[in-house]
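These numbers come from the heavy atoms of this one structure, side chains and all, not from hydrogens, waters or symmetry mates.
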There are 2 protein chains.
Amino acid sequence: MARQGTRPRRATIFDVAAEANVSRGTVSRMLNGEPYVSDSARDAIEKAIAKVGYVRNMAARNLATQRSKAIALIVHEPHSVFLEDPNIGAILLGTNERLSEADYQLVCLIIGSDRDSARIADYLRGGFVDGAVIVSAREHDPIADAIAHIGLPAVFVGHPESAPDMHYVGIDNRSAARDITRALLATGRKRVGMIAAALDRDSGSERLAGFRDAMGDDFDENLVVDFPLYSRNSGVEGMKTLLERAGDIDGIFAASDAVAAGAMDVLRQSGRSVPGDVGIVGFDDSDWALRCQPQLSTVRQPADLLGREAASMVLELVNGVTPETPGRILPTEIKLRGSA
Amino acid sequence: MARQGTRPRRATIFDVAAEANVSRGTVSRMLNGEPYVSDSARDAIEKAIAKVGYVRNMAARNLATQRSKAIALIVHEPHSVFLEDPNIGAILLGTNERLSEADYQLVCLIIGSDRDSARIADYLRGGFVDGAVIVSAREHDPIADAIAHIGLPAVFVGHPESAPDMHYVGIDNRSAARDITRALLATGRKRVGMIAAALDRDSGSERLAGFRDAMGDDFDENLVVDFPLYSRNSGVEGMKTLLERAGDIDGIFAASDAVAAGAMDVLRQSGRSVPGDVGIVGFDDSDWALRCQPQLSTVRQPADLLGREAASMVLELVNGVTPETPGRILPTEIKLRGSA
DNA sequence: ACACTTTCTGTGAACGTGCACAGAAGGCGA
DNA sequence: TCGCCTTCTGTGCACGTTCACAGAAAGTGT
């Protein structure tokens, strides 16, 4: 109780009321911008607030109103990927922007361990937030189950199959993967493989499915490797494996730009040129894509818009509006650059 | 009020007490792990909790106890840098880890606009958190002033001069900059410049000061450029300017690895080799450093430990313990690789 | 002068918890 | 039997708001 000891006592609405010679009801109305407050009362209250240094106690307000005007953004990522994944940051910022417009506070919660999971479930149940946006949940994510159980308004970024009845925003990973693979094939490649990643997430498995779609009869299981993370290192290891398996490979679809970057480095080290000997395409259109030499052909996904849409949707849910559709799919765009 | 309408009503401590045939006082004691609860009562309460599906209402608990067991991490960064800066993520994870150990919830708040600043100040005053860690505050940051005014226990990562009496953890940017510059000079460079950044932050200005220290009489103002952000683009623009000013420049200290990466790309495009024609060193030891060709000589700063220390410190403050020293400086390490 | 609306104000009762206090029940020694 | 300690339990109040309601004050039309 250090805070209580050192500071005298926070001014309450009672203090303001006494100072302004009105009742706390009037002060409350004024604070909440309700009508029916006289000009004279308004003036007196304003002065009183300034004088006693009053600020609302949100805990009390929450208790009385049963809402908090805060929305959680839950990020479930192993450490290394959180640092490398360019989408999460953009989603975060997009969500924050939209919530800010609605005067809601974004509260970002990180799941780094099982212990975090349990504590965060308590936090969500505790009434600290009115809703939640979940980023990068995987199939059968405990936190997703907890949210469903609590009944907290929630929107997923992405669409895990294990939570089919939850609201979501996302992109059509499968179609996009198909299209970018076709673009790669259109450059005349004969032996095309994929470095897949994160098959435990919908984005990962759908990208693989799209690749398969595009390859049709030419699909060769032997030319597909997969790794847990969308990381540069996955690209490095994956490319090494593929080169061992098929030295004549001439096309690579990497599950993300970071993966592609790793793969490209290995190709270079092995003396192969890009796009001369091997064509390579990625996914995300993150800054990895621009930093590659040559720059990467990839799929642009509107990460910031995903965040914005998720925020809009959760605001609707919180306000009792049922969204027209349970999910929203945002368009992606093929970006052709020099790598294929 | 959608939530109230759709869901029946949350179980309270009263419901548990009634179900277990004890008083709410006993339930409360049990919940808080206090002694003096009989085994029979304990059993009955446990069963009752499970039966009615009770969870604590944190808002009410906050109101009664005047604490929240949550700590804010406030990030003040323009969008682009938030995405590029490798340190912030690591600090975030370090802080989360330490707080998690103490069973505190980390709540991450993003300042993206002035509007955010004001709302966050309200949030902090509102009793939602017991303390705060502030990352990348700049001089005369409004949120820093607000925190000081509120009297909320707070720890800065970094040490703005405009907030001298706040607690902080950080590194000795000046000494580290001096040392890495000396390492660069030791490779025999004659015309050495600096691409500085973020001079409105203590880290930025101190790195420049350290560079100046190392250069001594050889310091040439004409070979220093500065930019607002620690970004790759700053490196690109800065390097172009320096090459125009002095085509014979043969050494560069970049204010961060990202800046160095941009500079290196420009050097390559201009036909200069690294480290043959120009030696270059950076700061951070982020993954930028490893992705450069050649890899970057740089200063390793323990970003995750900074987060952990900041968390430990704010926990001390919250618990009424005055830290031994107002600030803590963590050691850095020079990493020599191929770029100089 | 009267009823009637509109504008404004004050009050009691929640919201769900923790804490201090009073007191009950049981064991124990004199 | 009495007093005393230890263990356990129940109750009133505080925390600082919002909300519903009752009612005062002021204006409006007849």
Pairs under 3.5 Å (N/O, protein and nucleotides 20-26 of chain D):
none

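- D:dT7 atom C1' lies 13 Å from atom CZ of B:Arg42, rounded to whole Å.
- Put simply, CZ on B:Arg61 is 21 Å from P on D:dT17, counting in whole angstrom units.
- The CD1-C1' distance, from A:Ile13 to C:dT11, rounds to 13 Å in whole Å.
- Spacing between atom CZ of B:Phe14 and atom P of C:dG18 amounts to 11 Å, rounded to whole angstrom units.
- Between B:Tyr168 and B:Gly158 the shortest heavy-atom distance is CB-O, 3.3 Å.
- Each of D:dT17, C:dG10, C:dT17 was ranked by its minimum atom distance to the side chain of A:Thr12; first place goes to D:dT17.
- Atom CG of B:Asp114 is surrounded by 12 or fewer heavy atoms from other residues, nucleotides or ligands within 6.0 Å.
- The distance between atom CD of B:Glu34 and atom P of C:dG18, rounded to the nearest whole Å, is 9 Å.
- Evaluation of the side chain to side chain donor-acceptor pair (under 3.5 Å) rule for B:Lys51 yields B:Glu19 as partners, not counting sequence neighbours.
- Checking C:dT9, D:dT18, D:dC15 against the side-chain heavy atoms of A:Arg24 singles out D:dT18 as nearest.
- Listed nucleotides: C:dT9, D:dG10, C:dG18. Nearest to the side chain of B:Arg56: C:dG18.
- The side chain to side chain donor-acceptor pair (under 3.5 Å) check on A:Asn96 picks up B:Asp116, with sequence neighbours excluded.
- The distance between atom CZ of B:Arg125 and atom C1' of D:dT17, rounded to the nearest whole Å, is 17 Å.
- The phosphate of D:dT18 has OP1 or OP2 within less than 4.0 Å of a side-chain N or O from A:Ser28.
- Between the base of C:dG18 and the side chain of B:Arg67 there is no donor-acceptor pair shorter than 3.5 Å.
- Of all heavy-atom pairs spanning A:Ala11 and A:Val52, the tightest one is CB-O, 3.6 Å.
- Between A:Ile49 atom CD1 and D:dG16 atom P there is a gap of 16 Å when expressed in whole angstrom units.
- An OP1 or OP2 oxygen of C:dG18 is reached within less than 4.0 angstrom by a side-chain nitrogen or oxygen of B:Asn32.
- For the pair B:Asn57 CG and C:dA14 C1', the interatomic distance rounds to 13 Å; values are reported in whole Å.
- Of the candidates D:dT18, C:dC8, D:dG12, C:dC8 carries the atom nearest the A:Tyr36 side chain, counting heavy atoms from C-beta on.
- Of the listed nucleotides (D:dT17, D:dT9, C:dG10), C:dG10 has the atom at the smallest distance from the side chain of A:Ser23.
- Comparing B:Ser40 and B:Leu63 along DNA chain D, the residue whose closest nucleotide (by nearest heavy atom) sits nearer the 5' end is B:Ser40.
- Under 4.0 Å is where a charged nitrogen must lie from a carboxylate oxygen, and between B:Arg119 and B:Asp122 no such pair does.
- At least one side-chain nitrogen or oxygen of B:Ser38 sits closer than 4.0 Å to the OP1 or OP2 atom of D:dT9.
- Applying the 4.0 Å criterion to OP1 and OP2 of C:dG10, one finds that A:Thr26 has a side-chain N or O inside that range.
- Between D:dT18 and A:Gln66, no contact under 4.0 Å exists linking OP1 or OP2 to a side-chain N or O.
- Counting heavy atoms from C-beta on, the side chains of B:Leu109 and A:Val107 come closer than 4.5 Å.
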